[in-house]
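Take a look at the structure below.
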Amino acid sequence: MTARPRAVPGRAPDVDVVVVGAGITGIYQLYRALEAGMSALVLEAGGGVGGTWYWNRYPGARFDSESYTYGYLFSEELFDEWEWQEHFAEQPEIERYLNHVVDRFGLRPHIRCGARVDSAVYDEAAGTWRVTAGDGTAVTARYLVAATGVLSVPHFPDLPGRDDFVGESYHTGLWPTTPVDFAGKRVAVVGTGSSGVQLIPVIAAEVSALCVYQRTPNWCTPLNNAPITAEDQAALRADFEAMCKTLHASPSGFLHQPHDRATFDDPPEQRQAFFERMWESPGFSKLISHYTDMLVDERANAEWCGFVADKVRAIVRDPATADKLIPKDHRFGEKRPPFVTGYYEAYNEPHVDLVDLHETPIVRMTATGIETTEGERQFDMVVWATGFDFGTGALLRMGVVGRSGVPLTEYWAEGPKTFLGIQTAGFPNLFIPGGPHAAAGNNPRYNGDQVDFVTETLVYARDHGYDTIEADPAAEERWTAMVDRWATRAPSFGAGSYYFGTNIPGKPRKYLLNSAGRPKLFSMIAEVRASGYEAFKMSRAPGAAPTAGEPRPPAARAALGPRVRPSPRV
Ligand code: NAP
């Protein structure tokens, strides 16, 4: 284990920026920091890059945002040369893409995999972060960017006897890199969120028996995936400019456009035809391009839910199973809706069973299977599709200690407090793009907005001779209060959604996204710029050496390749 270096006053840190996590946000942050002439190192817990798309490699894992709207847009050359195969790409293609980006822009030498950060302590005297990781890495950095993601800490339910099970056991969010053989096995899947419902129809084709343990059904609607044809590809290339503009203007970062009519503007027949069009439409258009009142008016929402329920009854042959699959406790859009391919159809297979845990709850795990109040069923494999400690899970497990030795776990004991979902007061030079409180929607779009702004702020500080940046507590209080206020407004996710931390026992029930979305993020960023970064206290650290990050010589920059598209200023 390498000795932990201690930053001494006057001594420059080892690197300007340590980024934690080589997921979609961390990779982009690395690119932007290097491009701005800073030295940077990414520490990644996984054995490879990709973050969520490295860990969630379960069969059936795929985007439910359109591939070309989820990928990076900073380089038109990259966009042109990478030909997505499907409108909603599958995990292997996504992982290949992210590896391609890393190599294409010469980022790999700056990424250390297998390095799970276990401690990040702010050294007030030096104005630097001391970061250590499980592989022995110990490094000091002026800036720490935790790009640890919101869905990166898998949640296992605390069931009696969970460790007693002797068969194979997997979590969708910790899927092994070696192949998992389902052939001829009796498999249980616990959980029917977006992960479970993607996995179930794919493995149903291989296993000898599949039993799905469902606590709460979700409003699943078709993803409507399709291959990207040569004509689609040509159109995407030709429309790149326009697509970027549309995505940038979209509050949720999608191409889908809002509808202009409300549910009861249309007579029943026309409404039915519109619902059919929605059912046939791709992914999130069912939220974004729906009737304008679908998410806000209970009667309107109930009309659509009735339509979806009828679809489920029409697909699933056994009426009792169909009924169990129809949500009764929440409206459409109140929880993050999954988008599926062949999910309901899987229950028509004679070897696929559904157990409703509201009727027959799990009593315990046994060595050989799962016991409910109805008795024990035996399995060769159990798959936990039981979700994540959303929003704050990873940040609170990283040993972050800020000014005056205050741990982040203590400062956020009642829930996260942030300014712009970018910084938290008392933790100078720590940035958390892609964490809680940013926006809601197509993640890479608003995480990318945050990375752009973080980078811009670092450059501003450097150009003005500052090396300490810290959110003003009053600005933080206002932003956090705004997040809480918007969380109670419709359209919003219901209090039963994991967006409020409700799936984790003991977690504070605080809203972890930002329902005001990108428009609010953009307007506040514009305000910050206009005020000369007033909401960020900038200073010179008492013992700081000059900031190492100077514009790089052209040769070093060349390794990054051409950056043909400056990120749009917002
Ligand atoms: P999730 O939505 O939190 O679903 C977890 C499931 O496990 C729920 O059905 C939950 O039931 C169940 N569960 C939890 N604890 C349980 C217990 N003790 N006993 C029985 N069941 C239990 O997690 P996820 O499916 O992994 O999805 C998380 C998020 O990841 C999604 O919302 C989405 O944002 C993202 N995701 C995206 C994609 C994509 O298409 N791009 C794919 C997968 C995931 P309850 O509802 O009753 O709590």
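First listed ligand is number 1; within each ligand, the first listed atom is number 1. For reference, positions follow the sequence shown, starting with 1.
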Can you list the atoms of ligand 1 that are under 4.0 Å from a heavy atom of [X]?
X: Val190; value: 20 (C), 21 (N)
X: Gln198; value: 39 (C), 40 (O), 42 (C)
X: Leu357; value: 20 (C)

Identify, for [atom], the protein heavy atom at the shortest distance, and state residue, atom and that distance.
atom: atom 12 (C) of ligand 1; answer: Gly191 CA, 3.7 Å
atom: atom 19 (N) of ligand 1; answer: Arg215 NH1, 3.8 Å
atom: atom 4 (O) of ligand 1; answer: Gly193 CA, 3.5 Å
atom: atom 37 (C) of ligand 1; answer: Arg336 NH2, 3.7 Å
atom: atom 47 (O) of ligand 1; answer: Thr216 OG1, 2.4 Å
atom: atom 38 (C) of ligand 1; answer: Ser194 CB, 4.2 Å
atom: atom 39 (C) of ligand 1; answer: Arg62 O, 3.3 Å
atom: atom 18 (N) of ligand 1; answer: Pro157 CB, 3.0 Å

When you compare ligand 1 with [X], is there at least one nitrogen or oxygen pair between them that comes in under 3.5 angstrom?
X: Asn218; answer: no
X: Ser195; answer: yes
X: Tyr58; answer: no
X: Thr192; answer: yes
X: His155; answer: no

Heavy-atom distances under 4.0 Å decide this one: backbone, side chain, both or neither, for [X] against ligand 1?
X: Leu159; result: neither
X: Leu151; result: side chain
X: Ala385; result: backbone
X: Phe388; result: side chain
X: Val197; result: neither

Check against side-chain hydrogen bond (donor to acceptor under 3.5 Å, both in side chains), Tyr170 and Glu168: CA-CA 7 Å; Tyr170 304 101; Glu168 292 171 75; 2.6 Å; yes
Donor-acceptor under 3.5 Å (Lys328 side chain, Ile326 main chain): yes
Any chance the rings of [X] and [Y] have centres within less than 6.0 Å?
X: Trp479; Y: His437; result: no
X: His290; Y: Phe275; result: yes
X: Phe63; Y: Trp53; result: yes
X: Phe388; Y: His155; result: no

Working to the nearest 0.5 angstrom, can you tell me the gap between [X] [atom1] and [Y] [atom2]?
X: Lys245; Y: Leu247; atom1: NZ; atom2: CG; answer: 12.5 Å
X: Arg162; Y: Phe156; atom1: CZ; atom2: CZ; answer: 6.0 Å
X: Thr418; Y: Trp412; atom1: OG1; atom2: CH2; answer: 7.0 Å

Ligand 1 contacted by Lys335 (non-hydrogen, < 4.0 Å): yes
Proximity winner for atom 32 (O) of ligand 1, if only heavy atoms of Tyr498, Tyr499, Tyr70, Phe88 are counted: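 Shortest heavy-atom distance from atom 32 (O) of ligand 1: Tyr498.
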More than 12 heavy atoms of other groups within 6.0 Å of Glu276 CD: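 Check passes, neighbour count above 12.
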Sole candidate of Tyr68, Phe284, Tyr70 that passes ring pair (Phe, Tyr, Trp, His ring centres under 6.0 Å) when paired with Phe254: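 That would be Phe284; it is the only one of Tyr68, Phe284, Tyr70 passing the ring pair (Phe, Tyr, Trp, His ring centres under 6.0 Å) with Phe254.
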Cation over ring face, Arg57 and Tyr54, 6.0 Å, 45°: yes
Glu86, Glu90, His87 screened by side chain to side chain donor-acceptor pair (under 3.5 Å) with Asn225, the one that passes: Glu86
Test: Asp356 and Lys324 ion pair at under 4.0 Å: no
